[in-house]
Amino acid sequence: VQLVESGGGLVEPGGSLTLSCAASGDTLSIYAVGWFRQAPGKEREYLGVITWSGGEAYYEDSVKGRFTISRDNAKNTVYLRMNSLKPEDSAVYYCAAGAIAAVSVGRSSHWGQGTQVTVSS
């Protein structure tokens with residue numbers, strides 16, 4: 001499966017943004033999908049994951065309550081809704097698909113190319 005993220009851009013602090021992770025080449029509905037981010041000079045950070053059915057989503061404490069992962073399997077797309085954005089949320093955001101155990105530790109075989117999010121006034 002090939003993954004393409006979109007929806008990044010420049011947003012003011014306190015604003016919101018929704019990223020999309022669209023799949024092609026295979027159905028995304030058989031995979032758990034996770035979101036990660038990497039800021040310059042920092043390690044890649046795991047944000048959360050959604051199960052293949054969309055029935056459950058799990059988040060890291062750093063984004064819990066501000067970020068929401070959802071999916072529309074009919075559209076072969078997973079979303080990351082980000083609210084109350086802060087400058088420290090600026091990073092390249094990636095999605096990854098695979099078994100939930102692998103995705104949760106960043107060992108998925110399927111990654112997107114990333115989309116830049118910049119939070120600045």
Side-chain angles (χ1 to χ4, degrees):
V1 63
Q2 290 77 47
L3 305 176
V4 177
E5 302 92 338
S6 63
L10 175 64
V11 61
E12 292 186 349
S16 298
L17 208 59
T18 299
L19 306 183
S20 299
C21 172
S24 62
D26 197 0
T27 176
L28 196 59
S29 63
I30 63 174
Y31 298 105
V33 177
W35 284 94
F36 299 76
R37 67 186 178 190
Q38 188 165 22
K42 295 188 177 181
E43 293 188 355
R44 185 176 62 197
E45 178 185 9
Y46 166 71
L47 302 177
V49 64
I50 189 166
T51 58
W52 67 269
S53 67
E56 298 287 343
Y58 307 94
Y59 304 92
E60 285 293 277
D61 288 344
S62 59
V63 301
K64 193 176 297 182
R66 295 192 301 125
F67 290 11
T68 302
I69 303 173
S70 62
R71 68 189 302 159
D72 185 339
N73 284 339
K75 294 183 177 179
N76 235 16
T77 301
V78 171
Y79 305 96
L80 177 67
R81 174 68 175 179
M82 305 183 292
N83 295 325
S84 303
L85 284 163
K86 308 172 184 179
E88 52 264 42
D89 292 317
S90 298
V92 178
Y93 283 71
Y94 300 89
C95 61
I100 191 168
V103 170
S104 298
V105 295
R107 292 181 180 172
S108 170
S109 297
H110 310 288
W111 291 83
Q113 83 293 344
T115 186
Q116 176 71 48
V117 172
T118 302
V119 184
S120 175
S121 54

- request: Mind jotting down which residue pairs meet the ring pair (Phe, Tyr, Trp, His ring centres under 6.0 Å) criterion with at least one end in residues 38-93? Sequence neighbours excluded, please.
  value: F36-Y46
field: Close side-chain approach of C21 to Y94, heavy-atom, < 4.5 Å
entry: no
message: Is there a side-chain contact between N76 and R71 in this structure, where contact means two heavy atoms from C-beta onward sitting under 4.5 Å apart?
response: no
- prompt: Is there side-chain contact between M82 and R66, with at least one heavy-atom pair below 4.5 Å?
  reply: no
- request: Could you pull out all residues at least two apart from K75 that satisfy salt bridge (charged side-chain N to carboxylate O under 4.0 Å, His left out)?
  value: none
task: Determine the minimum heavy-atom distance between V78 and L28, stating which atoms define it.
output: CG2-CD2, 3.6 Å
- request: Give a yes or no on whether E88 atom CD has more than 12 heavy-atom contacts from other residues, nucleotides or ligands under 6.0 Å away.
  value: yes
- request: Please confirm whether the backbone N or O of A97 pairs with a side-chain atom of S108, one donor and one acceptor, at under 3.5 Å?
  value: yes
Polar side chain donor-acceptor pair, T77 to D72, under 3.5 angstrom: no
message: Main chain of K42, side chain of Q38: is a donor-acceptor contact present, judged purely on distance under 3.5 Å?
response: yes
- prompt: Between the main-chain N or O of P87 and the side-chain N or O of S90, is there a donor-acceptor pair closer than 3.5 Å?
  reply: yes
message: Hydrophobic cluster membership, with links at side-chain heavy-atom distances under 4.5 Å among I/L/V/M/F/W/Y: are L47 and V103 in one?
response: no
task: Indicate yes or no: at least one non-hydrogen side-chain atom of S6 is less than 4.5 angstrom from one of T115.
output: no
query: Is Q113 atom CD crowded by more than 12 heavy atoms from other residues, nucleotides or ligands, each under 6.0 Å away?
result: yes
message: For residues I50 and L19: do they belong to one hydrophobic cluster (side chain heavy atoms under 4.5 Å, members Ile, Leu, Val, Met, Phe, Trp, Tyr)?
response: yes
query: Is the number of heavy atoms from other residues, nucleotides or ligands within 6.0 Å of CZ (R107) greater than 12?
result: no
- prompt: For residues T27 and S29, is any side-chain donor paired with an opposing acceptor at under 3.5 Å?
  reply: yes
field: Trace of the side chain to side chain donor-acceptor pair (under 3.5 Å) decision for E45 with S62
entry: CA-CA 10 Å; E45 178 185 9; S62 59; 3.0 Å; yes
message: What I want to find out is whether K86 reaches D89 closely enough, with some N-O distance under 4.0 Å, to be called a salt bridge.
response: no
